[in-house]
Undergrad: 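The structure's right below; bear with me while I get my questions together.
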Amino acid sequence: MTEALFLADLTRCRVGDTFTLGGDEGRHAAAVRRIRVGETIVVSDGAGTAIRGPVTATDKASVTLEVAEVLTAQAPTVRYIVAQALAKGDRAELAVEMLTEVGVDRIIPWQASRSVVKWSPDREERQAGRWRSTAREATKQSRRLRVPIIAAPMTTRELAELAREVALTLILHEGASAPLPRVAVPEEGDVLVIVGPEGGLTDAEIATFEAAGGRQVLISDAVLRTSSAGVVAVAQLQALQRRVGKAK
């Protein structure tokens, strides 16, 4: 049985210590997941550190475990940033869920020209909060020790400025001539992947990102949904990165 993972603040936990998981996560563990004494669980701080051990006590709102191991996820040498265009319905949140599962490091909400959905200033924090909640739940489901950062929304101009700073910027576009596997993946640094909305990127947006050093790439012989394009691209990049590592 796969061990359940929960998120909480961890402070100087060492092997042999006891740790009580309380708050919303503790109530979820005790009342919803029905974690029992003797079960082994993992508690992560969402930033790469976790503790693992058997549960020694429970009540209606918390579980207590004995720390048998302290786990650490190594910081990646290549960090994946995905600029996800806002999309209608639950497609953007589905994208956040899947991007979290494949291990992206940062997700940026992007107000593209053809995005049907608009985040007004008074709704921005609430909508970003939904993305953060989705990322947290997907982190637990996928048993990852790092929760991706949900950044503040960016405009096209701001995204272009970021593109100038990273090691590689990829523009996903069905009209590109170069398939992504032909791209030389950097051995370290940030890789920015720009995912357009359902209506596609405008010529002006493409020109802006290319002027900032971005490269158009093709990731499929079909037109993918905005909810799936980013995860397909990141999966291909990860495969290429592993090949680079094995070639050394």
Undergrad: Using the side chain to side chain donor-acceptor pair (under 3.5 Å) criterion, which residues pair with Ser62? Sequence neighbours excluded.
TA: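 Partners of Ser62 under the side chain to side chain donor-acceptor pair (under 3.5 Å) test: Asp59.
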Undergrad: Tell me whether Thr139 contacts the main-chain N or O of Ala135 through its side chain, where contact means a donor paired with an acceptor under 3.5 Å.
TA: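 Yes: the side chain of Thr139 pairs with the backbone of Ala135.
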Undergrad: Closest approach of Glu97 and Ala138, non-hydrogen atoms and distance?
TA: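 Where Glu97 meets Ala138 most closely, the heavy atoms are O-CB, 3.6 Å.
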Undergrad: When rounded to the nearest 0.5 angstrom, what distance separates CZ in Arg130 from CZ in Arg123?
TA: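 Going from the CZ atom of Arg130 to the CZ atom of Arg123 covers 8.5 Å.
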Undergrad: Check for a donor-acceptor pair, side chain of Ser228 on one end and backbone N or O of Leu224 on the other, with a separation under 3.5 Å.
TA: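 Such a contact is absent between Ser228 side chain and Leu224 backbone.
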Undergrad: Quick one, Gln84 with Trp131, criterion side chain to side chain contact (heavy atoms under 4.5 Å, CB included). Give me CA distance, side-chain angles, the key distance, then yes/no.
TA: CA-CA 11 Å; Gln84 176 63 53; Trp131 283 33; 4.1 Å; yes
Undergrad: Measure the CG-CZ distance between Asp45 and Arg146 for me, rounded to the nearest 0.5 Å.
TA: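 If we round to the nearest 0.5 Å, Asp45:CG and Arg146:CZ are 8.5 Å apart.
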Undergrad: Under the criterion side-chain contact (heavy atoms from CB on, under 4.5 Å), which of Thr134, Ile107, Val231 is the partner of Thr100?
TA: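 Filter result, single survivor: Ile107.
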Undergrad: When Glu3 is tested against each of Arg143, Arg52, Lys140 for salt bridge (Lys or Arg N to Asp or Glu O under 4.0 Å), which residue passes?
TA: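 With Glu3 as partner, Arg143, Arg52, Lys140 yield a single salt bridge (Lys or Arg N to Asp or Glu O under 4.0 Å), made by Arg52.
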Undergrad: Looking at Ile81, Val195, Ile219, Val102, which one forms a side-chain contact (heavy atoms from CB on, under 4.5 Å) with Val234?
TA: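 When side-chain contact (heavy atoms from CB on, under 4.5 Å) is applied between Val234 and each of Ile81, Val195, Ile219, Val102, only Val102 qualifies.
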Undergrad: Ignoring hydrogens, what is the shortest heavy-atom contact between Glu39 and Arg34? Give both atom names and the distance.
TA: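 Result for this residue pair: OE2-O, 3.7 Å.
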Undergrad: NZ of Lys60: more than 12 outside heavy atoms within 6.0 angstrom?
TA: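 No, because the 6.0 Å sphere around NZ of Lys60 holds 12 heavy atoms or fewer from other groups.
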Undergrad: Taking the side chain as every heavy atom from C-beta outward, state whether Ile171 and Leu201 have any atom pair closer than 4.5 Å.
TA: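 Side-chain contact under 4.5 Å: yes.
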Undergrad: Can you run down the side-chain hydrogen bond (donor to acceptor under 3.5 Å, both in side chains) pairs that involve residues 10-21, sequence neighbours left out, and say none if there aren't any?
TA: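 For residues 10-21: Thr20-Thr64.
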Undergrad: Is there a path of hydrophobic side-chain contacts, each under 4.5 Å between heavy atoms, that joins Leu172 and Leu240?
TA: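 Shared cluster, yes.
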Undergrad: Taking the side chain as every heavy atom from C-beta outward, state whether Tyr80 and Asp190 have any pair of such atoms under 4.5 Å apart.
TA: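 The answer is no, as the side chains (C-beta and beyond) never meet within the 4.5 Å cut-off.
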Undergrad: If you look at every heavy atom in Ile51 and Cys13, which pair is closest and at what distance?
TA: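 Closest heavy-atom pair between Ile51 and Cys13: CG2-CB, 3.7 Å.
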Undergrad: Look at the side chain of Ser227 and the backbone N and O of Arg91, then say whether any donor-acceptor pair between them is shorter than 3.5 Å.
TA: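 Pair absent, no side-chain N/O of Ser227 close to backbone of Arg91.
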Undergrad: Would you say Val191 and Val166 are hydrophobically clustered, going by side-chain heavy atoms of ILVMFWY under 4.5 Å?
TA: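 They do not share one cluster, since no chain of ILVMFWY contacts under 4.5 Å joins Val191 to Val166.
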Undergrad: Between Val104 and Pro148, what is the shortest heavy-atom contact and its length?
TA: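 That would be O-CB, 3.4 Å.
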Undergrad: Is it possible for you to say whether Val232 and Leu237 belong to one hydrophobic cluster, with membership spreading through side-chain heavy-atom contacts below 4.5 Å?
TA: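 Yes, same cluster.
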Undergrad: Could you note down all residue pairs passing side-chain hydrogen bond (donor to acceptor under 3.5 Å, both in side chains) where residues 192-204 supplies at least one of them, sequence neighbours left out?
TA: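 Found Thr202-Glu205.
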Undergrad: What's the verdict on side chain to side chain donor-acceptor pair (under 3.5 Å) for Thr155 and Gln111, showing C-alpha distance, side-chain angles and the deciding distance?
TA: CA-CA 6 Å; Thr155 63; Gln111 182 69 69; over 6 Å; no
Undergrad: Does CZ belonging to Arg164 count more than 12 external heavy atoms closer than 6.0 Å?
TA: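 More than 12 heavy atoms, drawn from other residues, nucleotides or ligands, come within 6.0 Å of this atom.
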Undergrad: Verify the distance criterion only: is there a donor paired with an acceptor across the side chains of Glu187 and Thr77 at less than 3.5 Å?
TA: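 Absent: no donor and acceptor within the cut-off.
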Undergrad: Kindly work out whether a path of hydrophobic side-chain contacts (I/L/V/M/F/W/Y, heavy atoms less than 4.5 Å apart) joins Leu7 to Leu71.
TA: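 As far as the 4.5 Å side-chain criterion goes, Leu71 and Leu7 are connected within one cluster.
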Undergrad: Does Leu86 offer a backbone N or O that forms a donor-acceptor pair with the side chain of Ser115 under 3.5 Å?
TA: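 Yes, the answer is positive, given that a donor and an acceptor are paired below the 3.5 Å cut-off.
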Undergrad: Any chain of hydrophobic side-chain contacts (each under 4.5 Å) joining Val116 to Trp119?
TA: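 No, no single cluster joins them.
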Undergrad: Does Leu145 reach the side chain of Thr49, with side-chain heavy atoms less than 4.5 Å apart?
TA: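 In short, these two side chains do not touch, never coming nearer than 4.5 Å.
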Undergrad: Carefully, step by step, assess Thr208 and Ile206 under the rule side chain to side chain contact (heavy atoms under 4.5 Å, CB included).
TA: CA-CA 5 Å; Thr208 297; Ile206 293 172; over 6 Å; no
Undergrad: Suppose we screen for side chain to side chain donor-acceptor pair (under 3.5 Å). Which residues come up paired with Arg114, at least two apart in sequence or across chains?
TA: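 Arg114: no side chain to side chain donor-acceptor pair (under 3.5 Å) contacts found.
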Undergrad: Which pair of heavy atoms, one from Ile108 and one from Met154, lies closest together, and at what distance?
TA: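 Nearest heavy atoms, Ile108 then Met154: CG2-CG, 3.7 Å.
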Undergrad: Which residue pairs pass the side-chain hydrogen bond (donor to acceptor under 3.5 Å, both in side chains) test with at least one member in residues 170-181, sequence neighbours excluded?
TA: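 Sorted result for residues 170-181: His173-Gln216.
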Undergrad: Provide the closest heavy-atom pair for Ala85 versus Gly196 in the form atom of the first, atom of the second, distance.
TA: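 Smallest interatomic distance, heavy atoms only, reads CB-C, 3.5 Å.
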Undergrad: Decide salt bridge (charged side-chain N to carboxylate O under 4.0 Å, His left out) for Arg132 and Glu125; before the verdict, give the C-alpha distance in whole Å, the side-chain angles of both, and the deciding distance to 0.1 Å.
TA: CA-CA 10 Å; Arg132 294 189 191 102; Glu125 182 55 36; 2.9 Å; yes
Undergrad: State, yes or no, whether a side-chain contact exists between Leu192 and Leu168 at a heavy-atom distance under 4.5 Å.
TA: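 Side-chain contact under 4.5 Å: no.
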Undergrad: Walk me through whether His28 and Arg33 qualify under side chain to side chain contact (heavy atoms under 4.5 Å, CB included).
TA: CA-CA 6 Å; His28 181 75; Arg33 294 296 301 268; 3.6 Å; yes
Undergrad: Side-chain contact, heavy-atom cut-off 4.5 Å: Leu65 with Val43?
TA: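 A side-chain contact exists here, since the closest heavy-atom pair is under 4.5 Å.
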Undergrad: If you apply the rule side chain to side chain contact (heavy atoms under 4.5 Å, CB included), what do you find for Ile41 with Ile35, and how did you get there?
TA: CA-CA 9 Å; Ile41 65 171; Ile35 299 297; 4.0 Å; yes
Undergrad: Quick one, Ile194 and Leu170 - any side-chain contact, counting heavy atoms below 4.5 Å?
TA: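 Ile194 vs Leu170: side chains apart.
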Undergrad: Between atom CD of Glu25 and atom CG of Asp9, what is the distance when rounded to the nearest 0.5 Å?
TA: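 Glu25 CD to Asp9 CG: 11.0 Å, rounded to 0.5 Å.
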Undergrad: Name all residues meeting the ring pair (Phe, Tyr, Trp, His ring centres under 6.0 Å) criterion together with Phe209; count only those two or more places apart in sequence or in a different chain, and write none if there are none.
TA: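 Residues passing ring pair (Phe, Tyr, Trp, His ring centres under 6.0 Å) with Phe209: Trp110.
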